[in-house]
Amino acid sequence: MTDGPAALREAHHADVSGGWLRPAVFGAMDGLVTNIALIAGVGGGGVSPRSIVLTGAAGLVAGAISMGLGEYTSVRSANEQVAAEVAKERRELERHPEAEARELADAWVARGLPRDLAQQVAEAVRRNPEEALRVHVREELGVDPDDQPSPWAAAVSSFLFFSVGAFVPLLTYLLGFTSLWLALGVGGLGLFLAGAVVARFTNRPWWSSGLRQLLLGALAAAATYGIGTLIGVQNGIG
């Protein structure tokens with residue numbers, strides 16, 4: 001255990017800006033659940049192991065591309081929206097600096113700061129236009145204009161981790177095994193381990209986080225397996 005106040009240590013908080021961790025976690029979980037459910041569905045329909053591998057590989061490639069493009073578009077659109085709001089705030093500070101300073105002081109007073117002190121600090125901030133812009137954006141929008149996530153980092157992270165997650169339930173087939181239940185068991189183990197790893201960043205109990213992800217994946221697999229079995233029986237597959 002490190003002695004001394006946490007505030008005196010660098011990086012005593014985890015990175016919560018959403019640059020790569022969120023799309024990585026979401027990508028891995030989505031890859032696991034998507035291909036586990038996909039394999040369960042076609043396997044329940046009674047198709048051959050070769051068809052299961054082909055379906056799973058197609059799901060991996062299509063899903064990874066979709067996740068990467070989706071993350072890039074989402075993060076870039078969010079950043080552009082923030083940039084537009086920052087530009088709007090910059091214009092207001094240029095046109096009505098006194099009114100903006102009063103607004104900032106009012107916000108601090110609402111949080112419990114004495115009126116005189118809030119006005120003095122707001123006035124001091126107003127004298128530095130760039131710092132004033134940063135402070136107003138943080139206070140009014142709740143974002144740091146200088147610390148926005150990279151759309152490329154989000155896209156690449158999501159693409160790679162989705163691919164890894166989607167590969168796990170295919171592993172047993174690629175190694176020569178043909179049991180659907182073995183593939184689903186390995187996929188479930190992957191879900192549990194992924195959930196346990198996520199607990200490292202959230203301070204949840206590792207077993208609780210792992211079981212939660214396993215349960216969600218099992219529900220998805222059960223639903224697609226049932227649908228696949230129903231369709232396979234009706235069409236005489238298997």
Side-chain angles (χ1 to χ4, degrees), residues 20-72 74 153-238:
W20 68 270
L21 180 59
R22 182 195 60 80
V25 171
F26 182 61
M29 294 298 183
D30 197 30
L32 279 161
V33 173
T34 296
N35 250 15
I36 288 172
L38 190 59
I39 289 172
V42 295
V47 302
S48 68
R50 184 176 180 276
S51 296
I52 292 177
V53 172
L54 179 60
T55 302
L60 186 158
V61 174
I65 293 173
S66 176
M67 287 289 292
L69 292 176
E71 280 293 338
Y72 179 84
S74 175
V156 171
S157 178
S158 181
F159 178 91
L160 292 177
F161 280 86
F162 181 97
S163 299
V164 172
F167 178 79
V168 171
L170 286 175
L171 183 60
T172 58
Y173 284 105
L174 297 177
L175 291 176
F177 298 96
T178 60
S179 170
L180 172 64
W181 298 109
L182 179 60
L184 295 180
V186 170
L189 177 61
L191 275 172
F192 181 84
L193 292 176
V197 170
V198 170
R200 168 68 178 81
F201 302 99
T202 62
N203 289 328
R204 285 178 56 90
W206 63 269
W207 56 268
S208 173
S209 182
L211 287 176
R212 179 179 63 181
Q213 296 305 324
L214 178 59
L215 175 61
L216 293 175
L219 290 174
T224 55
Y225 180 83
I227 294 171
T229 301
L230 180 63
I231 294 175
V233 170
Q234 288 182 343
N235 290 277
I237 300 174

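The figures here come from the full heavy-atom set of this structure, side chains too, leaving out hydrogens, waters and symmetry mates. Along the sequence shown, the residues carry numbers beginning at 1.
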Enquirer: I would like to know whether V198 and M29 meet side-chain contact (heavy atoms from CB on, under 4.5 Å); could you show each step before the answer?
Expert: CA-CA 10 Å; V198 170; M29 294 298 183; 3.7 Å; yes
Enquirer: Side chain of N35, backbone of P169: donor and acceptor closer than 3.5 Å?
Expert: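 Not confirmed, N35 side chain does not pair with P169 backbone.
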Enquirer: Taking all heavy atoms of P23 and all of S157, pick out the closest pair and write down the distance.
Expert: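 Minimum heavy-atom separation between P23 and S157: C-OG, 4.2 Å.
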Enquirer: What orientation do W181 and Y225 show, parallel under 30°, tilted 30 to 60°, or perpendicular over 60°?
Expert: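 Rings of W181 and Y225: tilted, 30 to 60°.
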Enquirer: When rounded to the nearest 0.5 angstrom, what distance separates CD1 in I65 from OG in S163?
Expert: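 The OG atom of S163 is 8.5 Å from CD1 of I65, to the nearest 0.5 Å.
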Enquirer: Kindly give the heavy-atom pair with the smallest separation between M67 and G27, and that separation in Å.
Expert: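 That closest heavy-atom pairing would be CE-CA, 3.7 Å.
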Enquirer: Kindly give the heavy-atom pair with the smallest separation between L38 and G59, and that separation in Å.
Expert: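 Smallest interatomic distance, heavy atoms only, reads CD2-CA, 3.9 Å.
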Enquirer: Give a yes or no on whether the backbone of A221 and the side-chain of T224 come within a donor-acceptor separation of less than 3.5 Å.
Expert: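 Between the backbone of A221 and the side chain of T224 there is a qualifying donor-acceptor contact (under 3.5 Å).
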Enquirer: Indicate yes or no for a side-chain donor-acceptor contact from T55 to the backbone of S51 under 3.5 Å, with no hydrogens or angles considered.
Expert: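 Answer holds: yes.
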Enquirer: For L191 and I36, which heavy atoms make the closest approach, and how far apart are they?
Expert: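 Smallest heavy-atom distance, with atoms named: CD1-CD1, 3.6 Å.
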Enquirer: Could you tell me which non-hydrogen atom of A199 sits nearest to which non-hydrogen atom of R204, and how far apart they are?
Expert: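 Minimum heavy-atom contact is CB-O, 3.3 Å.
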Enquirer: If you measure from CD1 on I231 to CD1 on I227, what distance do you get to the nearest 0.5 Å?
Expert: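 So the CD1 of I231 and the CD1 of I227 are separated by 7.0 Å.
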Enquirer: Do L174 and F167 have side chains that get closer than 4.5 Å, going by heavy atoms?
Expert: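 Yes. Closest side-chain heavy atoms under 4.5 Å.
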Enquirer: Go through L160 and V164 one step at a time and tell me if the side-chain contact (heavy atoms from CB on, under 4.5 Å) criterion holds.
Expert: CA-CA 6 Å; L160 292 177; V164 172; 5.6 Å; no
Enquirer: Determine, stepwise, if the pair E71 / F26 fulfils side-chain contact (heavy atoms from CB on, under 4.5 Å).
Expert: CA-CA 10 Å; E71 280 293 338; F26 182 61; 4.1 Å; yes
Enquirer: May I ask you to test the F162-T34 pair for a side-chain heavy-atom distance under 4.5 Å?
Expert: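 With C-beta onward as the side chain, the pair touches.
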Enquirer: For T229 and G44, indicate whether the former's side chain and the latter's backbone hold a donor-acceptor pair under 3.5 Å.
Expert: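 At least one qualifying donor-acceptor pair exists.
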Enquirer: Between W20 and V25, is any pair of side-chain heavy atoms under 4.5 Å apart?
Expert: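 No, every pair of side-chain atoms sits at 4.5 Å or beyond.
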Enquirer: For the side chain of T172 and the backbone of F177, is there at least one donor-acceptor N/O pair under 3.5 Å apart?
Expert: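 Such a contact is absent between T172 side chain and F177 backbone.
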Enquirer: Step by step, work out the side-chain contact (heavy atoms from CB on, under 4.5 Å) result for F161 and D30.
Expert: CA-CA 9 Å; F161 280 86; D30 197 30; over 6 Å; no
Enquirer: Taking all heavy atoms of G68 and all of S158, pick out the closest pair and write down the distance.
Expert: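 Reported closest heavy-atom pair: N-OG, 4.2 Å.
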